[in-house]
Amino acid sequence: MAFICRFAPSPTGPLHIGGVRTALFNWLLAKKNKGKFYLRIEDTDKERSKEEFKKQIIESLDWIGIKHDDKEYIQSKNINKHKEIAHELLKKDFAYKCYCSEEEIKEQKEKCKKQGIPYVYNRKWRDPKDLPIPKNIQPVIRFKSKISGNSIVKDLVQGEINIANSIIEDFVILRQDGSPTYQLSAVVDDHLMKITHVIRGDDHKINTFKQKQIYEALKWDIPQFAHIPLIHSEKGSKLSKRDMASTIGDYIKKGIISDALRNYLLRLGWAHKDKEIFTLKESIELFDLKGVGKSPSKLDLTRILSLNEYYIKHMDEKKLFELFKVFSKKFRKKVESSKEKSILKSMSFLKNKAKTLDDIYCNSEYILQDDIKISPEDSKLLDSTSKNIIKDFLFQFEKMSNVNKENLEKTFKGLIDKHKTNFKGVGQPLRIVLTGSKFGPGIYDIILSLSKDEVIKRLS
RNA sequence: GGUCCCAUCGUCUAACGGUUAGGACAGGUGGUUUUCAAUCACCUAAUCGGGGUUCGAUUCCCCGUGGGACCGCCA
């Protein structure tokens, strides 16, 4: 069976992680079924749609590895077709012109609110009989919704949803200015694009009942629907732009890598037995709508971090290094070409200490910086004994013909015996002088990652 | 307020109607360790409440409670 799906965001704000997950689920299903995945930019709200958001959407999807088939569809380009269909519905008596002014509608709503009853458009113009047509009002076109009975949608995630038709009002399909609304445009485009599966956030659930009626009026095939629960912020509220970590960019900035976030998003609201780590290939093979839960899930940054740590540890060092370079350039400092070799060599131990690319940066700062600054607090630790140890080490290090772990170990042992101290007594002062910090990679790793000259320079 | 949906450790989630209710993250304890980490071992921690149905209910039904979504000439 053909499997054609789409992700249809509106470029009226930055795409957040919930949208990315929706796109991911669509894409995964398309890949699994050897179908198509399209991206449709729903830019019919001219006021709020912005080119920068469109760009942000495409870049976000691209970063996480979601590639859409064909060029992205731009909904506004199809507006004439939408209008045409609206008029077809009008001609076939599935829709009608409504001459209510906006004030009139507003009044009705307020009245309902006062009385505490739910507002539904009163269908004044559905069957106008001899109502005089106001000359000064441009009509909107409303769809004739079913008035009685019930409708059932078989949702691939939610199961059967049953509602009374009376709560679905005669919704507007063409505005006063003649432009189509979302309900109409979405249906027409989905039909034209031959979409077979509509997978979207469950905030669209009610729309399904409106859209289904348009399909039926036009005698078009109705796609399958799947409404996935929304993602909540860590506080449990709806994800909003104000949440610091809500867009892909927020995570890139933290040094999260693409595979980790993809894996996280996959497992948020979906599970396959006890499996936690999914390669891209595995996610395509194993993903299904049956495994999608029905309740909303909360974002958990520590989980993302832990997944990121896993992916960093298991990543090819060269690849990781490339990601690191891009990250540093963008958010920290460009890695100078003279330091590249040394950093790359050090990836093997740097990655074992890192949860993010930023952690790698912090742990490699001693390589990146030429001037090592020692804090007053750390200076206190450098007493005369420590200074002697450093001097002794430097003396032997300069003579060392072959700098390797074995020789360093020998030297350290000798110093420990001579100064009647322990490993820490030798390691810590050297670490402080070499890196400007008490914390960091193993002392042998540090020494081996720097050139012999550099070590000598720093110890002198 | 109306309509619809949902409900398992703090979090993400497993569990043909029969399990000591499992895993992962976080947290805790201990081992290892030159620091911070990492790592290894172990531990704490959940079926929202109340009724049914059933020999047996996390699982099915009803009620309550709690949470969410929607209620635009936004999408």
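Closest to the side chain of A:Q183, from the set B:G23, B:C36, B:A75, is B:A75. Listed nucleotides B:U34, B:A24, B:C4 differ in distance to A:I161; the shortest reach to its side chain belongs to B:C4. Comparing B:A24, B:A38, B:C4 against the side chain of A:K205 picks out B:C4 as the nearest. Looking at the side chain of A:Y444, the nearest of the listed nucleotides B:U13, B:U34, B:C73 is B:U34. You'll find that the side chain of A:P296 is closest to B:G68, out of B:U34, B:G23, B:G68. Here the nucleotide nearest the side chain of A:F423, chosen from B:U13, B:U34, B:C70, is B:U34. Which of B:C73, B:U35, B:G23 sits closest to the side chain of A:D274 comes down to B:G23.
Annotation: cation-pi pair A:R142/A:Y121 present, NZ/CZ under 6.0 Å from the ring centroid and within 45° of its normal. The cationic atom of A:K391 (NZ for Lys, CZ for Arg) does not lie both less than 6.0 Å from the six-membered ring centre of A:F393 and within 45° of the ring axis.
In terms of phosphate contacts, A:K275 brings no side-chain nitrogen or oxygen within less than 4.0 Å of OP1 or OP2 of B:A14. Contact check, A:S297 against B:U13: a side-chain N or O comes under 4.0 Å of OP1 or OP2. Look at A:K298 and you'll find a side-chain N or O under 4.0 angstrom from OP1 or OP2 of B:U11. Close to B:A75, at under 4.0 Å from its OP1 or OP2, lies a side-chain N or O of A:R175. At B:U34, none of the side-chain N or O atoms of A:K424 fall inside 4.0 Å of OP1 or OP2 (strictly under the cut-off). When the side-chain nitrogen and oxygen atoms of A:K109 are compared with OP1 and OP2 of B:G72, one or more of them lie within a distance under 4.0 Å. When the side-chain nitrogen and oxygen atoms of A:T44 are compared with OP1 and OP2 of B:A75, one or more of them lie within a distance under 4.0 Å.
Taking atom P on both B:G66 and B:G30, the two are 43 Å apart, rounded to the nearest angstrom. One C1' atom belongs to B:A21, the other to B:A14, and the distance between them is 9 Å to the nearest Å. As rounded to the nearest Å, B:C9 and B:G22 have P atoms that lie 14 Å from one another. Across the C1' atoms, B:U47 and B:C36 are found 40 Å apart, a figure rounded to whole Å. To the nearest whole angstrom, the two C1' atoms, one in B:A45 and one in B:A24, are 14 Å apart. B:G17 and B:C12 have their P atoms separated by 24 Å, with the value rounded to a whole Å. B:U59 and B:G52: their P atoms are spaced 14 Å apart (whole Å). Distance noted for atom P between B:C62 and B:C42: 44 Å (whole Å).
Across all strands shown, A:C98 has no heavy atoms under 4.0 Å from either base or sugar-phosphate atoms. A:H204 comes within 4.0 angstrom of a base, heavy atoms only. A:L307 comes within 4.0 angstrom of nothing in the nucleic acid, heavy atoms only. Residue contacts for A:K313: at a heavy-atom cut-off of 4.0 Å it reaches the sugar-phosphate backbone alone, with no base atom in range. The residue A:E102 sits close to a base: some heavy atom pair falls under 4.0 Å. Residue A:E42 is classed as a sugar-phosphate contact, given heavy-atom separations below 4.0 Å to backbone atoms only. Within 4.0 Å of A:V172, counting heavy atoms only, lie sugar-phosphate atoms of the nucleic acid but no base atom. As judged by a 4.0 angstrom heavy-atom cut-off over every strand, A:S179 is placed among residues making no nucleic acid contact. A:I167 comes within 4.0 angstrom of sugar-phosphate atoms only, judged by non-hydrogen atoms across all strands, and of no base. Among the heavy atoms of the strands, none lies under 4.0 Å from A:P9. Using a 4.0 Å heavy-atom distance criterion, A:D177 is classed as making no nucleic acid contact. In this structure, A:Q428 reaches neither bases nor backbone, as no heavy-atom distance under 4.0 Å exists between it and the strands shown.
Atom-to-atom, CG of A:N352 to P of B:U39 comes out at 9 Å; the value is rounded to the nearest Å. Here B:C12 presents its C1' atom at 13 Å from CH2 of A:W270, a figure rounded to the nearest Å. For the pair A:K46 NZ and B:C74 P, the computed distance is 10 Å after rounding to whole Å. To the nearest angstrom, C1' of B:G72 lies 14 Å from CD1 of A:I168. Remark: C1' of B:A75 and CG of A:L15 are 13 Å apart, rounded to the nearest angstrom. Residue A:Y264 contributes atom OH, which lies 8 Å from atom P of B:C12 at whole-angstrom precision.
Summarising the base pairing, B:A41 is matched to B:U29 through a Watson-Crick or G-U wobble pair whose two defining distances lie under 3.5 Å. Across all strands shown, nothing is found opposite B:U58 as a Watson-Crick or G-U wobble partner with both distances under 3.5 Å. Within the shown strands, nothing qualifies as a pairing partner of B:U19 under the Watson-Crick or G-U definition with both distances less than 3.5 Å. With a cut-off of 3.5 Å on both pairing distances, the Watson-Crick or G-U wobble partner of B:U65 is B:A7. With a cut-off of 3.5 Å on both Watson-Crick or G-U wobble distances, the partner of B:A14 is given as none. The pairing partner recorded for B:G1 is B:C71, the criterion being a Watson-Crick or G-U wobble arrangement whose two distances lie under 3.5 angstrom.
Taking 4.0 Å as the cut-off between side-chain N and carboxylate O, A:D190 and A:R40 count as a salt-bridged pair. Using a cutoff of 4.0 Å between basic side-chain nitrogens and carboxylate oxygens, A:E103 and A:K106 are not scored as salt-bridged. A salt bridge is defined here as a Lys NZ or Arg NE, NH1 or NH2 lying under 4.0 Å from an Asp or Glu carboxylate O, and A:R126 with A:D170 meets this definition. Taking the charged nitrogens against the carboxylate oxygens, A:E406 and A:K410 have no contact shorter than 4.0 Å, which rules out a salt bridge. No salt bridge links A:D43 with A:K54; every basic N to acidic carboxylate O contact stays at or beyond 4.0 Å.
Residue A:R431 places a side-chain atom within donor-acceptor reach of the base of B:U34, judged by atom type and a 3.5 Å distance cut-off alone. Between the side chain of A:K353 and the base of B:C36, at least one donor-acceptor pair of N or O atoms lies under 3.5 Å.
Aromatic ring centres of A:W270 and A:F278: separated by under 6.0 Å.
For the residue pair A:I447 and A:F397, the shortest heavy atom distance occurs at CG2-CE1, 3.8 Å. Taking every heavy atom of both residues into account, A:K294 and A:Q158 meet most closely at NZ-O, 3.6 Å.
For the segment residues 407-415 of chain A, the set of residues with a heavy atom within less than 4.0 Å of an atom of RNA chain B is empty.
Heavy-atom nearest nucleotides on RNA chain B were determined for A:K438 and for A:G269, and the one closer to the 5' end corresponds to A:G269. Both A:D45 and A:G293 lie close to RNA chain B; mapped to their nearest nucleotides by heavy-atom distance, the more 5′-ward contact belongs to A:G293.
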Trace of the side-chain contact (heavy atoms from CB on, under 4.5 Å) decision for A:Y366 with A:L434:
CA-CA 7 Å; A:Y366 74 95; A:L434 249 19; over 6 Å; no
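Between the side chain of A:R458 and the main chain of A:V433, no donor-acceptor pair closer than 3.5 Å is present.
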